[in-house]
Protein chains: 2
Amino acid sequence: MLSKKTKYGLKALTYLASIDSKEPVQIAEIAKHENISQKFLESILLTLRRNGFLGSKKGKGGGYYLIKEPEEIVMTAVIRVLEGPIAMVPCVSLNFYEKCDDCPDENKCSVHKLMLQVRDGALEVYRNNTLADLIA
Amino acid sequence: MLSKKTKYGLKALTYLASIDSKEPVQIAEIAKHENISQKFLESILLTLRRNGFLGSKKGKGGGYYLIKEPEEIVMTAVIRVLEGPIAMVPCVSLNFYEKCDDCPDENKCSVHKLMLQVRDGALEVYRNNTLADLIA
DNA sequence: GTTAAAATCTATAAAAACGATAGGGTAAAG
DNA sequence: CTTTACCCTATCGTTTTTATAGATTTTAAC
């Protein structure tokens, strides 16, 4: 299940990309337009800023704005920051690999075998989608 | 993230399929062989039985056994029973559809657009894998 | 410059939901 | 009368989501 954090984060990014101008947009405006709890959104935007997706400007006339072109923002990166691992099991994760406690041999594990394919499928989708693709 | 319920369920099914014979296998044996909490496995096997994957026999010499051939047990069905929806968002789910409270128009929603593709990818993998494929 | 307002930042924590496990008792089969 | 599956309930721990309260920075107005 996709967390609301990811969902809201994606929606916020989409909104900023659709605005098109690089002018800062206030949290309140984004929250209202996308029906998101403002305080929750606040923390989400913060992590997006810390990870290089957004810039921010404080004070009057401040807000958040995209720091890169929508075409450059690839979903693999967004998902990993907001949702975490793309793989459904740590033992098939590229960026968050972890061995299973049970499972003496990964290569013979049925779960491993199946989830490897699922991961590859998801990865291909995320790699082929930028923020620009989602607003088209 | 894949729940342990699903993981354990898959491992149990795999084990039963690898045994090959249709003789009942005790919960304790499966739990021990796959490093699973026996009590937890108990409830998992129960739901697998209720959903037509397993048969059971009580008393001495009892246990669980596969009710269908491994080739007939397709992953879409198993995942839906153990894990629930394959889609990461209810608004793109085939079997568990639900409209989002926010989101006035699904067709314009970026999350919807992205998760539709992810679902299709996962679906293709699950459709192409039977229990027999996983033990090969 | 000073000030005040507007906004982002920070930290905490409460509330709710969910996942995983354990305990104890019942029913059926041999 | 023993063995095993079946069933119900409670609990513990974690994660997710939201709420609260205040600190800090920047800008704009005066």
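Below, read A as the first sequence line, B as the second, and so on, with proteins coming before strands; counting in each chain starts at 1. In what follows, every heavy atom counts, from backbone to side chain, and hydrogens, waters and symmetry copies are set aside.
At a non-hydrogen distance threshold of 4.0 Å, Lys57(A), Lys58(A), Gly59(A), Lys60(A) from residues 53-62 of chain A come into contact with DNA chain D. Near DNA chain D, meaning a heavy atom under 4.0 Å away, the residues from residues 31-49 of chain B are Lys39(B), Glu42(B), Leu46(B), Arg49(B). Of the residues in residues 95-104 of chain B, none lies under 4.0 Å from DNA chain C by heavy-atom distance.
In summary, Glu42(A) and Lys39(A) engage in a salt bridge, as defined by a charged side-chain N under 4.0 Å from a carboxylate O.
Hydrophobic clustering (side-chain heavy atoms under 4.5 Å, transitive across Ile, Leu, Val, Met, Phe, Trp, Tyr) groups Tyr8(B) together with Val118(A).
Between the C1' atom of dA5(D) and the CD atom of Glu29(B) lies a distance of 15 Å, rounded to the nearest Å. With rounding to whole Å, Lys7(B) atom NZ is found 16 Å from dG19(C) atom P. Counting to the nearest Å, the P atom of dA5(D) and the OH atom of Tyr65(B) are 12 Å from each other. Following rounding to the nearest Å, Ile27(A) (CD1) and dT25(D) (C1') show an atom-to-atom distance of 14 Å. Rounded to a whole Å, the NZ atom of Lys4(B) is 15 Å from the C1' atom of dA22(C).
Applying the side-chain contact (heavy atoms from CB on, under 4.5 Å) test to Lys60(B) and every residue at least two apart in sequence or in another chain returns nothing.
Here Arg50(A) reaches the OP1 or OP2 of dT10(C): one of its side-chain N or O atoms lies under 4.0 Å away. Listed pair Tyr64(A) / dC9(C) meets the phosphate criterion, a side-chain N or O lying under 4.0 Å from OP1 or OP2.
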Could you go through residues 66-74 of chain A and list every donor-acceptor pair under 3.5 Å that involves a side-chain atom there, pairing it with any protein atom two or more places apart or in another chain?
unit_1: Glu69(A); atom_1: OE2; unit_2: Lys22(A); atom_2: NZ; d: 3.4
unit_1: Glu72(A); atom_1: OE2; unit_2: Glu69(A); atom_2: N; d: 3.2

In a table with atom names and distances, give each donor-acceptor pair under 3.5 Å that connects a side chain of residues 119-131 of chain A to protein atoms at least two apart or in another chain.
unit_1: Arg119(A); atom_1: NH1; unit_2: Val92(A); atom_2: O; d: 2.9
unit_1: Asn128(A); atom_1: ND2; unit_2: Glu124(A); atom_2: O; d: 3.1
unit_1: Asn129(A); atom_1: OD1; unit_2: Gln117(B); atom_2: NE2; d: 3.4
unit_1: Asn129(A); atom_1: ND2; unit_2: Val125(A); atom_2: O; d: 2.9
unit_1: Asn129(A); atom_1: ND2; unit_2: Gln117(B); atom_2: OE1; d: 2.9
unit_1: Thr130(A); atom_1: OG1; unit_2: Ala132(A); atom_2: N; d: 3.2
unit_1: Thr130(A); atom_1: OG1; unit_2: Asp133(A); atom_2: N; d: 3.4
unit_1: Thr130(A); atom_1: OG1; unit_2: Asp133(A); atom_2: OD2; d: 3.3

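Looking at Glu83(A) and Ser3(A), their side chains do bring a donor and an acceptor atom within 3.5 Å of each other.
Taking every heavy atom of both residues into account, Arg80(A) and Leu94(A) meet most closely at NH2-CD1, 4.4 Å. When all heavy atoms are compared, the tightest approach of Lys113(B) to Asn107(B) is CE-O, 4.3 Å. Counting all heavy atoms, side chain and backbone alike, Leu134(A) lies closest to Ser110(B) at CB-CB, 3.8 Å.
A heavy-atom distance below 4.5 Å is not found between the side chains of Leu116(A) and Val89(A).
Put simply, the residue from Thr47(A), Leu45(A), Leu16(A), Val78(A) that forms a side-chain contact (heavy atoms from CB on, under 4.5 Å) with Phe53(A) is Val78(A).
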